[in-house]
Amino acid sequence: MAKIKEGDLVVVISGSDKGKQGRVLKVVHKTDRVIVEGINRVTKHTKVSQTQRGARTGGIETIEAPIHISNVMLVDPETKKGTRVGYRSEEVERNGRTKTVRVRYAKRSGKDV
């Protein structure tokens, strides 16, 4: 189970984009990869073709390529640095019932993520 989810703010810890931060756009569980906004951008050549409205599109565009999940680290909300993620069980009361839920927290500061 991946500890990083869609919408998380992460920092790259290795590779050519080391030190950059961005939001996770998509998590691909099958290959353990994530697509991060503004990170690992590659150029893609697209063929000029017609769309339904008749406009011609094509040329060179830049897209975010997937990066392995082990090369990113969650950003601690308090210190704004990379941190490991832990889970703790908490008792939550809803509608008169108590339920045990797993809560993610940043190991550096102890704050909930």
Side-chain angles (χ1 to χ4, degrees):
M1 185 174 120
K3 296 182 178 185
I4 294 176
K5 299 179 181 180
E6 267 184 43
D8 285 345
L9 184 65
V10 294
V11 63
V12 179
I13 57 174
S14 67
S16 61
D17 292 322
K18 183 177 180 177
K20 292 184 182 177
Q21 290 185 1
R23 292 242 173 245
V24 175
L25 299 175
K26 186 177 179 184
V27 179
V28 184
H29 294 288
K30 194 172 188 178
T31 57
D32 289 334
R33 293 185 176 270
V34 292
I35 297 175
V36 183
E37 184 179 29
I39 306 294
N40 200 21
R41 295 183 67 86
V42 294
T43 57
K44 182 178 179 182
H45 297 264
T46 56
K47 189 175 181 180
V48 177
S49 62
Q50 281 190 325
T51 60
Q52 283 184 331
R53 297 181 185 211
R56 292 185 163 264
T57 58
I60 300 173
E61 59 182 36
T62 58
I63 60 167
E64 286 97 1
I67 186 171
H68 199 268
I69 204 162
S70 66
N71 294 332
V72 295
M73 193 177 238
L74 198 72
V75 173
D76 189 1
E78 189 173 287
T79 61
K80 306 294 185 219
K81 294 182 180 178
T83 183
R84 293 180 294 162
V85 179
Y87 288 94
R88 66 170 170 255
S89 298
E90 287 186 1
E91 298 288 328
V92 177
E93 190 169 332
R94 294 183 185 156
N95 300 331
R97 297 182 188 177
T98 56
K99 186 177 180 182
T100 305
V101 294
R102 289 178 59 186
V103 177
R104 282 192 319 165
Y105 72 96
K107 287 193 174 183
R108 185 181 288 257
S109 66
K111 299 285 183 183
D112 289 351
V113 181

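Numbers here are sequence positions counted from 1.
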Verdict with reasoning, Ile4 to Val72, per side-chain contact (heavy atoms from CB on, under 4.5 Å)
CA-CA 9 Å; Ile4 294 176; Val72 295; 3.5 Å; yes

Step by step, would you call Arg23 with Glu37 a salt bridge (Lys or Arg N to Asp or Glu O under 4.0 Å)?
CA-CA 5 Å; Arg23 292 242 173 245; Glu37 184 179 29; over 6 Å; no

Given the rule in the salt bridge (Lys or Arg N to Asp or Glu O under 4.0 Å) test, do Glu61 and Lys44 qualify, once you have shown the distances and angles that lead to the verdict?
CA-CA 5 Å; Glu61 59 182 36; Lys44 182 178 179 182; 5.1 Å; no

If you apply the rule side-chain contact (heavy atoms from CB on, under 4.5 Å), what do you find for Asp32 with His68, and how did you get there?
CA-CA 6 Å; Asp32 289 334; His68 199 268; 3.9 Å; yes

Just do the side-chain contact (heavy atoms from CB on, under 4.5 Å) check on Val113 and Val85 with the steps written out, would you?
CA-CA 9 Å; Val113 181; Val85 179; 5.7 Å; no

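In terms of hydrophobic clustering, with Ile, Leu, Val, Met, Phe, Trp and Tyr side chains grouped at heavy-atom distances under 4.5 Å, Ile67 and Leu74 are assigned to a common cluster. Using a 4.5 Å cut-off between side-chain heavy atoms of Ile, Leu, Val, Met, Phe, Trp and Tyr, with links allowed through other members, Val11 and Leu9 fall into the same hydrophobic cluster. No path of Ile, Leu, Val, Met, Phe, Trp and Tyr side chains, each step under 4.5 Å between heavy atoms, connects Val10 with Met73, placing them in separate hydrophobic clusters. Residues Ile13 and Val75 are members of one and the same hydrophobic cluster, defined by side-chain heavy-atom contacts under 4.5 angstrom among Ile, Leu, Val, Met, Phe, Trp and Tyr. Clustering ILVMFWY residues whenever any of their side-chain heavy atoms sit less than 4.5 angstrom apart, transitively, puts Val42 in a cluster other than the one holding Ile39.
Residue Ile69 holds its CD1 atom at 9.5 Å from OG1 of Thr31, rounded to the nearest 0.5 Å. The line from OH of Tyr105 to CG of Asp76 is 12.0 Å long, rounded to the nearest 0.5 Å. Rounded to the nearest 0.5 angstrom, His45 NE2 and Ile60 CD1 are separated by 4.5 Å. For the atom pair OG (Ser70) and CZ (Arg33), the distance works out to 8.5 Å, reported to the nearest 0.5 Å. The NZ atom of Lys99 lies 5.5 Å from the CZ atom of Arg94; values are rounded to the nearest 0.5 Å. With rounding to the nearest 0.5 Å, the separation of CD in Glu64 from CG in Asn40 is 9.0 Å.
Salt-bridge check for Glu78 with Lys111: passed, with a basic side-chain N closer than 4.0 Å to an acidic carboxylate O. Using a 4.0 Å cut-off between charged side-chain N and carboxylate O, Asp8 and Lys5 make no salt bridge.
Gln21 and Lys80 get closest at one heavy-atom pair: NE2-O, 3.7 Å. Between Pro66 and Ile35 the shortest heavy-atom distance is CA-CG1, 4.0 Å.
In this structure a side-chain-to-backbone donor-acceptor pair under 3.5 Å is present from Arg108 to Gly82.
In terms of the side-chain contact (heavy atoms from CB on, under 4.5 Å) criterion, residue partners of His29 (sequence neighbours excluded) are, by chain and number, Ala2, Val27. Annotation: salt bridge (charged side-chain N to carboxylate O under 4.0 Å, His left out) contacts of Glu90 (sequence neighbours excluded): Arg88.
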